[in-house]
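Please read the structure below before turning to the comments.
Sequence lines set the chain letters: A, B, ... in the order given, protein chains first and strands last, and positions in each chain run from 1. All values below come from the heavy atoms of this structure, side chains included, with hydrogens, waters and symmetry mates left out.
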Number of protein chains: 2
Amino acid sequence: MEGEPNMTDSRRSRPAKGPLSKEIIVKTAYELLESEGISGLSMRKIAKVLDTGASSLYVYVKNANELRAYVFDYGLMKVEITNLKNESWKKELFELLHSYFRILFDSPGMSELALMTIPIGPNSLAITEQILHQLNVGGVDAKASAWGVDILLLYAASFAYEQVARKDKGRNCNAVRTSFETLDTVRYPMIVSLKEDMLSGEEERFQWGLDVILQGILHSK
Amino acid sequence: MEGEPNMTDSRRSRPAKGPLSKEIIVKTAYELLESEGISGLSMRKIAKVLDTGASSLYVYVKNANELRAYVFDYGLMKVEITNLKNESWKKELFELLHSYFRILFDSPGMSELALMTIPIGPNSLAITEQILHQLNVGGVDAKASAWGVDILLLYAASFAYEQVARKDKGRNCNAVRTSFETLDTVRYPMIVSLKEDMLSGEEERFQWGLDVILQGILHSK
DNA sequence: TCCAATTAACGAACACTGTACTTTACGAAC
DNA sequence: GTTCGTAAAGTACAGTGTTCGTTAATTGGA
């Protein structure tokens, strides 16, 4: 209304507003994900940071799901893919998966994205490729490698997701703990007697699970 | 407006509208989940089936998340928990986890719920208890049982979730398959050479993974 | 029997969400 | 200079969970 006469001025007064692009949209979305979690990843919030409207994003991105996939793969850039020939393949595989886990665990929302997203981005593929390579070096046959990499990644993602949920819900995982405290000893004797172990561990537990799965893959012939 | 004079009549004309309760809300919600998937599980849609408003549900349920947890546990009723002493513990464990997987895989939305929900409902607990029992019979020690049951359930849920996504997205998992077809052979040699194996298998693959994890647990001492 | 107190049910409203459609503005090519 | 393709923007629609204030019904006690 009042700004109509100087509409061109108002546009000229902020020339720093660079043109939109898929890259800066994904980057902005990822920063929002880091600071606000998965709930920060909405078209409107991303657009607001970029000083535009939600509909403008649809020029560069098909829909919100596709954007989420891009954001997830962008976040995987930080995963360290080392390739030191002198180290043992097992140690390198562990470090890769541990790095993957840490990225999913530390950045709020990344573990959700890992589970919702079909991992066909370049960084996802690079991680998969590297794991397949390590398993191949370790003498694992084709089918076991192909199926094993899926289990390993699935384990890291779902474990990260579970740990994140456990980290957020109350301080000392109230929901689960308090329900375990008041359990019927007759109906659930095993759970009651093992409840301490069932709530313990974090990184150590992740490593243990990794070891379990890898041992299983190696004994699967 | 027009119905004002016979408002009491209209209420009396449908006395079959039984009172709300947590049980029928959960039951209705589960039926909606079965027929429409996770998107059918909204407070408004559930309320509409029960011929009421969404806000009425909040008398019996704290929020949508809690309702989802109840619905998930309700769906787990169908999981077959056998306890035949004469069978081997391994076979029974496999059958239990297979039944669990099938429930999550067949009912649309159950696998999503399995991942989002903190499993503290009675049916979840019964399944956990039974798995712990079988592992105990198999001679697995305390910590390995406590941590192993988590991995086994996590595996079944995330595998079901992945397979459901693969089943829905296009007919022959277009997204993944077409991206694998056009892969750079230089950058991703392992993926290209193993792409057939990576997309194969379903039930057989689930069994294989179960075997892998169980072997790993048994060798974890 | 009648009044009081509790509580279930309801409707409207709020603050969001993703996405489609229409209109405006700009930049380059002819 | 005009035209044309397209990026950007605004508006609108149909949803979502949840809260609030009000109404209706039912139950318990005198």
Could you state the atom-to-atom distance from [atom1] of [X] to [atom2] of [N] in whole Å?
| X | N | atom1 | atom2 | result |
| --- | --- | --- | --- | --- |
| A/Ile24 | D/dA8 | CD1 | C1' | 13 Å |
| B/Arg68 | D/dG17 | CZ | P | 7 Å |
| A/Glu66 | C/dG18 | CD | P | 15 Å |
| A/Met116 | C/dG18 | CE | C1' | 13 Å |
| A/Ile38 | C/dC16 | CD1 | P | 18 Å |
| A/Ile46 | C/dT17 | CD1 | P | 10 Å |
| A/Tyr58 | C/dT22 | OH | P | 17 Å |
| A/Leu50 | D/dA7 | CG | P | 16 Å |

Considering only [options], which nucleotide approaches the side chain of [X] most closely?
| X | options | answer |
| --- | --- | --- |
| A/Leu20 | D/dT18, D/dA8, C/dA9 | D/dA8 |
| A/Lys45 | C/dT17, D/dA9, C/dA12 | C/dT17 |
| B/Met43 | D/dG17, C/dT19, D/dA8 | D/dG17 |
| A/Ser55 | D/dC20, D/dG10, C/dT19 | D/dG10 |
| B/Asn63 | D/dA8, D/dT18, D/dT19 | D/dT18 |
| B/Tyr60 | C/dA9, D/dC20, C/dT19 | C/dA9 |

Check whether NZ of the Lys or CZ of the Arg A/Lys22 lies under 6.0 Å from the centre of the six-membered ring of A/Tyr70 and within 45 degrees of that ring's axis. yes
B/Phe206 and B/Phe101 aromatic ring geometry - parallel, tilted or perpendicular at 30°/60° bounds: parallel
So, for B/Leu41 and B/Arg68, which heavy atoms are closest and what is the spacing to 0.1 Å? CD2-CG, 3.7 Å
Taking all heavy atoms of B/Ile217 and all of B/Ala144, pick out the closest pair and write down the distance. CG2-O, 4.3 Å
Return whichever of B/Ala54 or A/Val59 has its heavy-atom-nearest nucleotide of DNA chain D closer to the 5' end. A/Val59
Give B/Ser42 one of three labels, base, sugar-phosphate or nothing, depending on what nucleic acid heavy atoms sit under 4.0 Å from its own. sugar-phosphate
Looking for any heavy atom pair under 4.0 Å, which part of the strands does A/Lys62 touch: base, sugar-phosphate only, or nothing? nothing
Under-3.5 Å donor-acceptor pair between B/Arg44 side chain and D/dG15 base: no
Quick one: do B/Gln130 and B/Glu92 satisfy side-chain contact (heavy atoms from CB on, under 4.5 Å)? Show the steps, please. CA-CA 10 Å; B/Gln130 184 65 11; B/Glu92 275 192 9; 4.3 Å; yes
